[in-house]
Amino acid sequence: MSASPSSAPAKVVPVVDTTAVFLYWPNIIGYTRVVLAALACILMPSYPWACMTAYTLSCLMDAVDGHVARLMNQCSRFGAVLDMVTDRSTTTCLLAYLCTVHPAWLPLFQLLMALDLSSHYMHMYASLVAGSSSHKQLDGAAHPILRLYYHNKNVMFLVCAGNEFMFVGLYLLHHLAAGTFAYYCILALTVLAFPVCALKQGLNVVQLVGASTRLAELDVKTANDAAAKAE
């Protein structure tokens, strides 16, 4: 079905300088996400509901900036990296707080932070080195479950939402009075989110292994090309 004139993409216009890129509307949305995430960190120790409101808004806006970028023809490498860095930093800040209130789980939270950061950095770096315009564009060599995650926006949203709510639930359970109705509601939702969170960690492992393999394959190709030129 053809798009109506009102829904047609914006006209592509020349970009004069870097300031224009920094002021792309999707990037402004990204800056707003950063401000909300910072506000959530400030509120985190003492104001749980206000904190989670800011935190949730920051996460939900992640589903908006990409649509705005495509609608306005304002996709950019800077925006893609800003988006990923904000995602990783927001989750890491929440996990860091959970380390302080659940010290017995410190090694687990540290492992989750390390896995999240390393897998996404390796994946983005491997994508850029391979010449891909986006870390979300995967070829046929990528693991099928990873292609499903990145190519199906509904799957990505549900997995990311479930993963985040697992950590949000742990945060709220620490601040809510045990035995209250709100406590049991959050507890039930946290239990439901646990399998999704586990799936997300599995995806991180698959992503880390896949990115490492791609980088090693590029090293092999570079070494073979150099050897061939030397003959």
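If you read the sequence from its start, that first residue is 1, and numbering goes on from there. Predicted, not measured: the structure shown is a model, and the values here were computed from it.
Residues Phe167 and Leu176 fall within the same hydrophobic cluster, defined by Ile, Leu, Val, Met, Phe, Trp and Tyr side chains chained together at heavy-atom separations under 4.5 Å. No single ILVMFWY cluster, assembled from side-chain heavy atoms under 4.5 Å apart, contains both Val196 and Val191. Residues Val159 and Met166 fall into different hydrophobic clusters, defined by Ile, Leu, Val, Met, Phe, Trp and Tyr side chains chained together at heavy-atom separations under 4.5 Å. One hydrophobic cluster, built from ILVMFWY side chains closer than 4.5 Å, cannot hold both Tyr121 and Met113; they sit in different ones. By the criterion of side-chain heavy atoms lying less than 4.5 angstrom apart, applied directly or through intervening Ile, Leu, Val, Met, Phe, Trp or Tyr residues, Val68 is not grouped with Phe157; the two fall into different hydrophobic clusters.
Among all heavy-atom pairs drawn from Pro26 and Gln74, the shortest one is CD-OE1, 3.1 Å. Heavy atoms only, all atoms of each residue included: Thr91 and Tyr55 are closest at CA-OH, 3.7 Å. Taking each heavy atom of Ala126 and Arg214 in turn, the nearest pair found is CB-NH2, 3.7 Å. Between Ser118 and Ala114, the shortest heavy-atom distance links the atoms OG-O, 2.6 Å. In terms of heavy-atom proximity, Cys93 sits nearest to Met44 at O-SD, 4.3 Å. The shortest heavy-atom contact between Gly162 and Ala193 is O-CB, 3.5 Å.
Note on ring orientation: taking the six-membered ring where Trp is involved, the planes of His175 and Tyr97 are parallel (angle under 30°, cut-offs 30° and 60°). By the 30° and 60° cut-offs, the orientation of the rings of His123 relative to Tyr150 is parallel.
Here the straight-line distance linking atom CG of Asn204 with atom OH of Tyr149 works out to 7.5 Å at 0.5 Å rounding. Taken from CG in Leu43 to CE in Met52, the straight-line distance is 9.5 Å, to the nearest 0.5 Å. In this structure, the separation between OG1 on Thr32 and CE on Met61 is 4.5 Å, given to the nearest 0.5 Å. The CG atom of Leu172 sits 11.5 Å away from atom CG of Leu187, with the distance rounded to the nearest 0.5 Å. Once rounded to the nearest 0.5 Å, the distance linking SG of Cys99 with CG of Leu94 reads 10.0 Å. Asn163 contributes atom CG, which lies 10.5 Å from atom CG of Asp87 (distance to the nearest 0.5 angstrom).
Here the side chain of Tyr125 pairs no donor or acceptor atom with the backbone of Leu215 at under 3.5 angstrom. In terms of modelled atom types and a separation under 3.5 Å, the side chain of Arg147 and the main chain of Leu138 share no donor-acceptor contact. With hydrogens and angles ignored, the 3.5 Å screen pairs no side-chain donor or acceptor of Asp116 with any backbone N or O of Thr92.
With sequence neighbours left out, the salt bridge (Lys or Arg N to Asp or Glu O under 4.0 Å) criterion links Asp225 to Lys221.
Using a 4.5 Å cut-off on side-chain heavy atoms (C-beta onward), Tyr31 and Leu82 make contact. With a 4.5 Å cut-off on side-chain heavy atoms, Phe165 and Thr190 count as touching. In this structure, the side chains of Leu199 and Ile145 come closer than 4.5 Å at one or more pairs of heavy atoms. Leu60 is not listed as a side-chain neighbour of Val64, based on a closest heavy-atom distance of 4.5 Å or more. With a 4.5 Å cut-off on side-chain heavy atoms, His174 and Leu98 do not count as touching.
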Exercise for the section: Please report the C-alpha distance between Tyr171 and Ile186 in whole Å, then the side-chain angles of each, then the deciding distance to 0.1 Å, and finally whether the side-chain contact (heavy atoms from CB on, under 4.5 Å) criterion is met. Expected result: CA-CA 10 Å; Tyr171 167 81; Ile186 296 299; over 6 Å; no
Exercise for the section: Test Tyr24 against Met72 for side-chain contact (heavy atoms from CB on, under 4.5 Å), laying out the working first. Expected result: CA-CA 9 Å; Tyr24 279 175; Met72 303 187 70; over 6 Å; no
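Applying the side-chain contact (heavy atoms from CB on, under 4.5 Å) test between Leu95 and each of Leu108, Thr90, Leu112 identifies Leu112 as the sole match.
Around OH of Tyr47, the count of heavy atoms belonging to other residues, nucleotides or ligands within 6.0 Å does not exceed 12.
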